[in-house]
Each structure stands twice: as structure tokens, then as C-alpha cells.
Amino acid sequence: MANTPHGGFLKDAHARDAHKYNELLDESKTLPSIVLTDRQLCDLELIMNGGFSPLEGFMNQGDYNRVVNELRLKNGCLFSMPITLDVSEYDIKSLGLAPNKRVVLRDLRDDAPLAILTIDDIYRPNKEEEAIKVFGSNDAAHPSIKYLQTKVKEYYVGGNVEAIQMPSHYDYIAHRLTPSELRAHFKKLNWIRVVAFQTRNPMHRAHRELTVRAARIRQANVLIHPVVGLTKPGDIDHYTRVRVYQTIMKKYPNGMATLSLLPLAMRMGGPREALWHAIIRKNFGATHFIIGRDHAGPGKNSQGVDFYGPYEAQELVAKYCDELQIEVVPFQMMTYIPDSDEYMPVDEVPEGTQTLNISGTELRRRLRSGAHIPEWFSYPEVVRVLRNTHPPRSKQGFTLFLTGYYNSGKDLVGRALQVVLNEQGGRSVSLLLGEIVRNELSFELGFSRKDRDSNIARLAFVSGELTKAGAAVIAAPIAPFADARAHARSLIESYGGFYLIHFMAVIGFTGVDDPYEVPTDADIVVDISKQSISEICHQIMLLLEKDGYIGER
């Protein structure tokens with residue numbers, strides 16, 4: 001039997017408003033529109049399907065203030081995370097936003113009208129206070145604090161919503177179950193007790209053992225409920241993760257577990273987030289919820305210290321356990337015991353017992369290098385999925401970013417590198433000389449700083465897409481400004497290798513008087529007046545070999 005929704009009733013706006021679909025759709029054509037951000041879109045989906053019950057819209061100032069200060073809505077109901085719709089002063093004036101006005105909320109991907117919000121109030125939050133009270137600090141090393149400081153607009157709009165339609169999804173539709181659908185699924189299967197497991201990472205043997213152990217202790221079934229909305233920057237994409245989850249579901253006994261995807265925008269809020277996650281799982285019908293070590297923690301702050309203690313999340317949720325009416329299943333980190341070929345929580349391992357573990361950092365290293373990942377850590381089928389998405393460096397793309405004055409020799413070396421890399425084989429090779437990019441991508445741009453930065457941004461985008469596809473890219477712009485080069489590096493490094501190669505010498509005098517900020521972060525510095533083209537190419541190839549992009553190991 002599914003758990004009672006938080007607040008007593010499931011606030012399913014789709015079921016409630018289905019009878020007035022045509023009326024709402026017609027009205028949406030006459031109202032001003034707010035196009036939602038990715039985070040707002042995730043929030044709205046869970047407001048409308050009841051995942052955020054008892055919320056029926058974005059928080060007004062009364063609810064917001066009490067949640068920030070006391071972890072409760074204005075009516076006293078427990079709720080730990082502010083759910084807000086941020087707008088700018090320009091939005092307010094241009095759209096005529098005001099209390100009692102109605103506004104359409106639209107999907108940024110296809111402009112579809114999703115809901116109509118009746119404005120309760122418009123208020124200006126204290127973002128610093130929100131950061132400190134909700135996340136425990138105002139340190140921008142925390143991804144949600146950085147988002148609050150740099151992305152969130154200056155005003156919040158509060159009010160309830162009426163549902164027109166759900167956001168469209170085209171991936172893993174069979175696993176995207178709403179609270180109502182998942183509750184019906186539990187009822188059909190006659191599941192009485194359901195242990196929910198939250199994750200934003202791929203699952204391995206330790207996770208399977210943890211969830212089975214929790215089910216065994218509580219005599220329950222298992223809901224694998226991973227987040228597929230927004231997670232921590234740098235996390236493995238949800239497409240890869242869902243393929244892993246689909247694979248690992250086959251490792252559970254028939255009838256023990258089910259997989260459902262949660263379109264949540266995580267805040268990485270540690271203890272408060274764990275409490276929020278428990279409320280959400282209660283709304284989806286779970287009776288038990290697993291909270292592990294450092295649940296929803298963002299890592300270390302700018303001082304190199306963890307934002308939250310390893311078991312702060314468990315402690316906060318335990319404090320409200322009776323009121324939550326969902327049983328928390330606390331777990332410590334699982335570790336492998338080779339002598340008995342089993343996983344155990346670290347606090348249950350007898351003293352002196354040999355244990356083995358592979359950290360996330362070590363796993364990523366092995367994926368990059370193609371090193372062996374043992375079966376005691378992960379199932380071979382899971383490793384294959386991960387390797388398909390994260391091949392070793394010998395099969396990844398990279399960009400050689402040659403920067404220097406126009407006549408520094410970078411174009412000559414770029415052409416030579418194209419030949420050398422084509423001889424090496426194994427990848428397509430793209431040569432993007434500065435003049436080619438100017439003529440084909442940036443013909444309308446001039447040579448102001450803004451236009452130069454725009455030119456490098458376009459080059460970085462193209463190079464990033466080619467790198468993502470596994471190509472070797474040789475880009476040879478002047479790229480005189482450090483900020484633009486840093487932007488290019490950060491973009492391209494998310495897809496593969498990036499090497500900044502600074503050409504020192506100037507042949508002739510053309511362009512010498514133009515501004516140029518000498519790189520302080522170059523991977524290689526070369527001087528064509530003192531080195532031959534062959535020497536420079538060889539120096540670059542040796543660096544690629546050292547990092548595993550060429551050659552066999």
C-alpha cells in the first residue's frame with residue numbers, strides 16, 4: 001500500500017484541471033508569457049504532477065520566508081527547500097506582472113504553454129540570507145549558491161498554477177512515471193512496503209547490494225528513483241546513467257525492484273536536500289527512503305573543506321522522522337570484502353579484515369585510460385555501457401589551440417600538424433585556420449574586443465562539437481585575449497583534450513601593434529625562429545602520446 005502523500009493529499013494538477021483543458025489553452029493565447037529556465041521547468045513538472053505536494057504553485061513570500069527560516073510552509077507543513085519563480089525587473093514591467101494578474105508558463109524547448117499562474121505576490125528576496133540559511137554558507141564553490149548569485153533574477157513571483165499539459169519528453173518514456181502512475185503501479189503489484197533509492201550517479205555492485213540489504217531488513221520492495229533533471233555540474237549525463245540503471249535492474253530477482261525516473265533539479269543542499277528528497281519519495285508512494293553518507297553533498301568549499309558532514313543529512317531527517325511518516329534507512333559506505341566476496345557497510349566490517357574499494361576519481365581514471373575495472377566493483381555489462389560513452393583517451397577527440405600573432409608561424413605548423421595527424425590515423429582531422437574561420441563563420445565581425453571574443457566563441461563551439469565527435473582539431477586563431485581563450489578551454493575540455501600552444505616569435509611586422517595578452521597557462525610555448533616546424537610538431541606529438549591520445553598502451 002502506497003504511503004500517504006505529504007500534507008494528506010496528492011496535489012495532482014493534471015487530474016484536477018483536465019476538465020478545463022480547452023478553456024485554459026484558449027486563455028493562454030491571450031496572456032503574457034514567461035519562458036521557463038531548465039530549473040523552473042523541472043520544478044513546474046513536479047508541482048503539477050504532485051511530486052512537490054502540498055505545493056500547488058511557486059512559493060509566495062509568506063511560504064518562502066518560513067521555509068528559509070524554519071523549514072515549514074506558512075501553514076506549518078514541513079518543507080525544506082524554497083521553490084521559487086524568479087523574474088527580472090524588466091520582466092515585471094514589460095509583461096505587466098502584478099498581484100491577481102495571470103501569466104502563461106511556457107516550455108523553453110518548444111514554447112508550449114504548460115500552465116497558467118495566478119500571481120499572489122511579487123517580492124525581492126535576500127539572496128545572501130537564502131544562501132546562508134538554506135545551504136549553510138555564501139560560498140560560490142557550492143553550485144547552487146553560484147547559481148543563486150549569477151543566474152537567479154532579482155524578484156520572485158508567487159502563486160498557484162493551473163495545469164494545461166505536461167512538458168514533452170522523448171527519452172525513456174516508459175520509465176517516467178508520475179506519483180499517481182507509480183502509486184497505481186505499486187497497487188497493481190501489491191507492494192506494501194517500498195524502499196526508495198535516490199541516485200545521480202551510475203550504479204555498481206555496491207549499490208545493488210545496499211538496496212537489496214535494505215529491502216531484506218525492511219521486508220520491502222525496491223524503487224530505484226534516479227534524478228534525470230539537473231544534477232551537479234560535471235556529472236555523467238542521464239542518458240548514460242539510465243542505460244546503466246536498465247542494465248543493473250536485470251541483476252535483481254524478478255519482482256523485487258522497479259525503475260522510475262525523477263525530473264528533479266537538484267540543489268546539492270545536503271541535509272535540507274535529503275529532507276526534501278524524503279518528502280518527494282513519500283509523494284511518489286515510498287514507505288522507506290535510503291539516505292547514505294554525504295547525501296546530496298556538493299563536495300568541498302573554497303577552503304577545501306566539505307560543505308556538510310558525512311552524516312548531517314541522516315541526522316536532520318531523523319529529527320523529523322515522526323512528522324515525515326516515511327521511515328529513513330540510514331546506510332554507511334559499502335566496502336568489498338575479498339575473502340568472502342561480499343559487500344558490507346564499513347561500520348560492520350570486523351577489525352583487521354581486508355577491504356577493497358575504487359573511488360569515483362579512480363573509476364574515471366580507469367575509464368579514461370582504458371585500465372581494467374574488476375568485476376567485484378561493477379558488472380561487465382555496466383562497464384561496457386560506461387566505456388561506450390566514456391572511451392579511453394586513445395579514442396577521444398582533442399583540440400590543439402595554436403595562438404600567437406598573425407605571422408608567428410602557427411598557420412605553417414597547423415598545416416604540418418594536419419599531415420602528421422592524418423598519417424597517425426584513427427581520427428578525422430580538422431584544420432581551422434584563423435582566416436578560414438573569419439571567412440566562413442565570422443565574416444560580419446570586425447576587430448573590436450567584443451567581435452574578437454565572439455569570433456573565438458564561435459571557433460570554440462565548432463571545435464568543441466568536433467572534439468565531442470572524436471576528431472582531432474587544429475585551431476589557429478590569433479586569440480589575443482586571455483578571457484576568450486579560457487572560455488574556449490573550459491568549453492572544449494568538457495568534451496575531450498585541449499592544449500594551448502603559444503607561438504612566441506613574430507615574422508615580419510604585420511599586426512605587431514595589435515593588443516595581445518601573452519598566455520600564462522600555455523601547455524607548450526614554441527618559437528619558430530629557433531625551432532623547425534618538424535621539431536615543434538614532434539614536441540606536440542610527444543605531449544599527445546604522454547597523455548594517451550595517440551599510440552597504444
Side-chain angles (χ1 to χ4, degrees), residues 195-227 231-232 234-236 240-254 256-257 259 274 288-297 299-300 306 308-311 313-314 328-390 392:
V195 178
F197 178 64
Q198 142 91 26
T199 184
R200 52 173 243 272
N201 295 311
M203 291 177 65
H204 302 288
R205 270 194 65 182
H207 302 102
R208 189 266 186 196
E209 297 302 320
L210 183 155
T211 52
V212 169
R213 178 181 283 248
R216 190 184 306 126
I217 293 171
R218 298 305 192 275
Q219 292 295 292
N221 293 91
V222 176
L223 168 63
I224 305 300
H225 208 205
V227 172
T231 60
K232 184 180 176 182
D235 280 351
I236 290 177
T240 300
R241 291 190 289 110
V242 176
R243 289 195 290 272
V244 166
Y245 305 141
Q246 291 173 323
T247 299
I248 211 163
M249 291 303 295
K250 300 171 186 176
K251 303 300 180 181
Y252 289 91
N254 287 338
M256 175 179 282
L259 170 65
H288 299 70
F289 181 51
I290 296 171
I291 297 181
R293 185 182 184 278
D294 193 26
H295 185 99
K300 298 187 183 300
D306 288 337
Y308 310 112
Y311 301 109
Q314 294 180 359
V328 172
V329 184
F331 263 96
Q332 294 201 2
M333 186 177 71
M334 301 288 284
T335 190
Y336 179 66
I337 315 298
D339 290 344
S340 56
D341 187 27
E342 65 176 333
Y343 276 86
M344 293 179 64
V346 291
D347 60 334
E348 296 181 16
V349 177
E351 186 176 351
T353 302
Q354 181 189 8
T355 63
L356 296 175
N357 192 32
I358 293 178
S359 68
T361 301
E362 173 62 14
L363 175 63
R364 288 188 290 272
R365 186 198 69 78
R366 294 186 185 213
L367 287 171
R368 281 196 306 268
S369 65
H372 176 62
I373 298 173
E375 288 192 35
W376 62 259
F377 176 77
S378 193
Y379 300 102
E381 303 94 320
V382 168
V383 174
R384 279 196 293 272
V385 171
L386 293 174
R387 289 202 190 280
N388 284 339
T389 306
H390 300 274

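We count residues from 1, following the sequence as given.
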A.B. asks: For the residue pair I358 and W376, establish whether any side-chain heavy-atom pair is separated by less than 4.5 Å.
C.D. replies: yes
A.B. asks: Compare all side-chain heavy atoms of P374 with those of R366 and state whether any distance is below 4.5 angstrom.
C.D. replies: yes
A.B. asks: Between H295 and F289, is the gap from one ring center to the other below 6.0 Å?
C.D. replies: yes
A.B. asks: How long is the span from the OG1 atom in T353 to the CD atom in E348, to the nearest 0.5 Å?
C.D. replies: 12.0 Å
A.B. asks: Does any N or O in the side chain of N388 come within less than 3.5 Å of the main-chain N or O of V385, such that one atom is a donor and the other an acceptor?
C.D. replies: no
A.B. asks: Determine whether the side chains of T389 and R243 contain a donor N or O and an acceptor N or O closer than 3.5 Å.
C.D. replies: yes
A.B. asks: Before giving the answer on side chain to side chain contact (heavy atoms under 4.5 Å, CB included), spell out for V212 and M256 the whole-Å C-alpha distance, their side-chain angles and the decisive distance to 0.1 Å.
C.D. replies: CA-CA 9 Å; V212 169; M256 175 179 282; 4.0 Å; yes
A.B. asks: Would you compute the distance between atom NE2 of H204 and atom CD1 of I248 and round it to the nearest 0.5 angstrom?
C.D. replies: 8.0 Å
A.B. asks: Between atom CD1 of I236 and atom OG1 of T231, what is the distance when rounded to the nearest 0.5 Å?
C.D. replies: 10.0 Å
A.B. asks: How about CD on E375, more than 12 heavy atoms from neighbouring residues, nucleotides or ligands closer than 6.0 Å, or not?
C.D. replies: no
A.B. asks: Measuring only between side-chain heavy atoms, which start at C-beta, is P330 closer than 4.5 Å to I291?
C.D. replies: no
A.B. asks: Is it true that K251 and E381 have a side-chain N and a carboxylate O under 4.0 angstrom from each other?
C.D. replies: yes
A.B. asks: Could you walk me through whether I373 and R387 satisfy the side chain to side chain contact (heavy atoms under 4.5 Å, CB included) test, starting with their C-alpha distance in whole Å, then the side-chain angles of each, then the deciding distance to 0.1 Å, before giving a yes or no?
C.D. replies: CA-CA 10 Å; I373 298 173; R387 289 202 190 280; 3.6 Å; yes
A.B. asks: Which distance, rounded to the nearest 0.5 Å, do you find between the CD1 of I290 and the CG of L223?
C.D. replies: 10.0 Å
A.B. asks: Does H225 reach the side chain of Q198, with side-chain heavy atoms less than 4.5 Å apart?
C.D. replies: no
A.B. asks: Any side-chain to backbone donor/acceptor pair from Y343 onto H207? Under 3.5 Å, distance only.
C.D. replies: no
A.B. asks: Heavy atoms only: give me the nearest R293-Q314 pair and the separation to one decimal.
C.D. replies: N-NE2, 4.2 Å
A.B. asks: Pair R364, H390 - check side chain to side chain contact (heavy atoms under 4.5 Å, CB included), show working.
C.D. replies: CA-CA 9 Å; R364 288 188 290 272; H390 300 274; over 6 Å; no
A.B. asks: Determine, for R216 against E209, whether the closest basic-nitrogen to carboxylate-oxygen distance falls under 4.0 angstrom.
C.D. replies: no
A.B. asks: Would you mind reporting whether M333 and P310 have side-chain heavy atoms less than 4.5 Å apart?
C.D. replies: no
A.B. asks: Going by heavy atoms in the side chains, are R218 and V329 under 4.5 Å from each other?
C.D. replies: yes
A.B. asks: Where is the tightest heavy-atom contact between R241 and P226, given as atom of each residue plus distance?
C.D. replies: NH1-CB, 4.4 Å
A.B. asks: Quick one: closest heavy-atom pair of P253 and R208, and the distance?
C.D. replies: CD-NH2, 3.9 Å
A.B. asks: Measure across P392 and G370 and return the closest heavy-atom pair with its distance rounded to 0.1 Å.
C.D. replies: CB-N, 3.7 Å
A.B. asks: If you round to the nearest 0.5 Å, how far is CD1 of I337 from CD of Q354?
C.D. replies: 9.0 Å
A.B. asks: What I'd like to find out is whether the side chain of T240 reaches to under 4.5 Å of the side chain of P202, using heavy atoms alone.
C.D. replies: no
A.B. asks: E342: what forms a salt bridge (Lys or Arg N to Asp or Glu O under 4.0 Å) with it, not counting sequence neighbours?
C.D. replies: none
A.B. asks: P338 and T355: which non-hydrogen atoms are nearest, and at how many Å?
C.D. replies: CD-CA, 4.2 Å
A.B. asks: How far does OH of Y252 sit from CD1 of I224, to the nearest 0.5 angstrom?
C.D. replies: 3.5 Å
A.B. asks: Can you see which heavy atom on L356 is nearest to which on T335, and at what distance?
C.D. replies: O-OG1, 3.4 Å
A.B. asks: Using a 4.5 Å cut-off on heavy atoms from C-beta on, say whether the side chain of F197 contacts that of L210.
C.D. replies: yes
A.B. asks: Return the set of residues passing salt bridge (Lys or Arg N to Asp or Glu O under 4.0 Å) with D341 (not counting sequence neighbours), or none when no residue passes.
C.D. replies: R205
